[in-house]
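What follows is a set of notes on a single structure, which appears directly below.
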Amino acid sequence: MKLIIAIVQDDFTSKIIKSLTNNNYRTTKLSSTGGFLKSGNTTLLIGVEDDKVDEVVKLIENECKDKKVTKGKKEITVGGANLFILNMHNFIRI
Ligand code: 2BA
């Protein structure tokens with residue numbers, strides 16, 4: 001199993017969760033803050049079987065896109081989503 005940690009722009013959170021839920025994926029939504037911009041974003045925890053990872057990535061990709069923001073005099077590109085995909089040793093539901 002894998003644990004997908006997805007840090008997503010707040011603007012896309014609802015659509016991503018709706019899409020994942022409609023496709024029978026379970027999510028946990030955490031409020032988070034980017035260390036660089038110090039503005040809010042959302043962290044989603046999604047536990048899935050290995051063979052479902054690609055589909056989950058695709059569903060997330062379909063619902064978000066990057067955006068340009070200015071910080072000081074610099075323009076930076078904030079990704080629609082940043083994903084960490086971790087091997088999960090075990091999942092126990094009691
Ligand atoms: P923030 O840390 O607020 O970063 C927002 C955007 O600022 C980043 O977009 C990137 O374009 C830029 N940025 C971040 N750190 C920078 C630096 N040291 N120098 C120059 N520009 C910098 P993304 O890379 O798409 O990241 C969006 C959000 O995803 C981040 O918000 C952070 O909350 C998370 N994130 C991204 N990479 C991460 C990582 N390796 N570890 C943990 N969180 C990460």
Side-chain angles (χ1 to χ4, degrees):
M1 287 190 82
K2 300 280 192 239
L3 175 63
I4 301 174
I5 301 175
I7 303 170
V8 304
Q9 290 179 35
D10 283 344
D11 294 348
F12 306 122
T13 305
S14 299
K15 281 188 167 180
I16 290 171
I17 292 176
K18 191 173 174 191
S19 172
L20 292 172
T21 305
N22 286 345
N23 286 277
N24 294 317
Y25 294 108
R26 299 178 183 194
T27 59
T28 293
K29 172 178 175 282
L30 306 171
S31 297
S32 47
T33 304
F36 191 68
L37 293 178
K38 297 176 178 52
S39 58
N41 53 30
T42 300
T43 299
L44 298 177
L45 305 181
I46 310 151
V48 291
E49 297 295 338
D50 288 15
D51 63 348
K52 301 293 184 190
V53 169
D54 289 349
E55 187 184 5
V56 169
V57 171
K58 199 80 207 151
L59 290 169
I60 293 172
E61 202 176 6
N62 287 344
E63 300 298 343
C64 61
K65 58 179 189 297
D66 60 17
K67 70 172 177 188
K68 309 261 187 231
V69 299
T70 40
K71 181 174 166 67
K73 288 180 180 169
K74 277 190 175 172
E75 184 180 70
I76 56 175
T77 305
V78 184
N82 282 264
L83 308 182
F84 300 85
I85 301 171
L86 287 62
N87 286 321
M88 193 184 346
H89 178 62
N90 207 354
F91 168 73
I92 301 171
R93 182 164 177 253
I94 296 168

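Both ligands and their constituent atoms are indexed starting at 1 by order of listing.
- Here Thr43 contributes atom OG1 and Ile7 contributes atom CD1; the two are 5.0 Å apart, rounded to the nearest 0.5 Å.
- A pairwise comparison of heavy atoms in Gly34 and Asn41 identifies N-ND2, 3.6 Å as the closest pair.
- Of all the atoms in ligand 1, the ones that sit under 4.0 Å from a non-hydrogen atom of Gly35 are 1 (P), 2 (O), 3 (O).
- Because its NZ or CZ atom is not both nearer than 6.0 Å to the ring centre of Tyr25 and within 45° of the ring axis, Lys52 does not count as a cation-pi partner of that residue.
- Of all protein heavy atoms, the one lying nearest to atom 2 (O) of ligand 1 is Phe36 N, 2.9 Å.
- The minimum heavy-atom distance between Met88 and Lys2, with the atom names listed, is CE-O, 3.1 Å.
- Close approach of ligand 1 to Gly34 (heavy-atom distance below 4.0 Å) involves ligand atoms 1 (P), 2 (O), 3 (O), 31 (O), 33 (O).
- Comparing heavy-atom distances from atom 28 (C) of ligand 1 across Leu37, Thr42, Asn41, Leu83 singles out Asn41 as nearest.
- Using a cutoff of 4.0 Å between basic side-chain nitrogens and carboxylate oxygens, Glu55 and Lys58 are not scored as salt-bridged.
- Shortest contact from atom 43 (N) of ligand 1 to any protein heavy atom: Ile7 CD1, 3.7 Å.
- In Asn82, the part holding a heavy atom less than 4.0 Å from any atom of ligand 1 is the side chain.
- No N or O atom of Val78 sits closer than 3.5 Å to an N or O atom of ligand 1.
- Counting only distance, with no hydrogens or angles, the side chain of Asp50 and the backbone of Met1 share a donor-acceptor pair below 3.5 Å.
- Residue Gly79 approaches ligand 1 through these ligand atoms, each under 4.0 Å from one of its heavy atoms: 9 (O), 23 (P), 25 (O).
- Residue contacts with ligand 1 for Thr77 involve N, CA, C or O but no side-chain atom from C-beta outward (heavy atoms, distance under 4.0 Å).
- Atom CD1 in Ile17 sits 11.5 Å away from atom CG in Asn22 (nearest 0.5 Å).
- Atom 39 (C) of ligand 1 has its closest protein heavy atom at Phe84 CZ, 3.5 Å.
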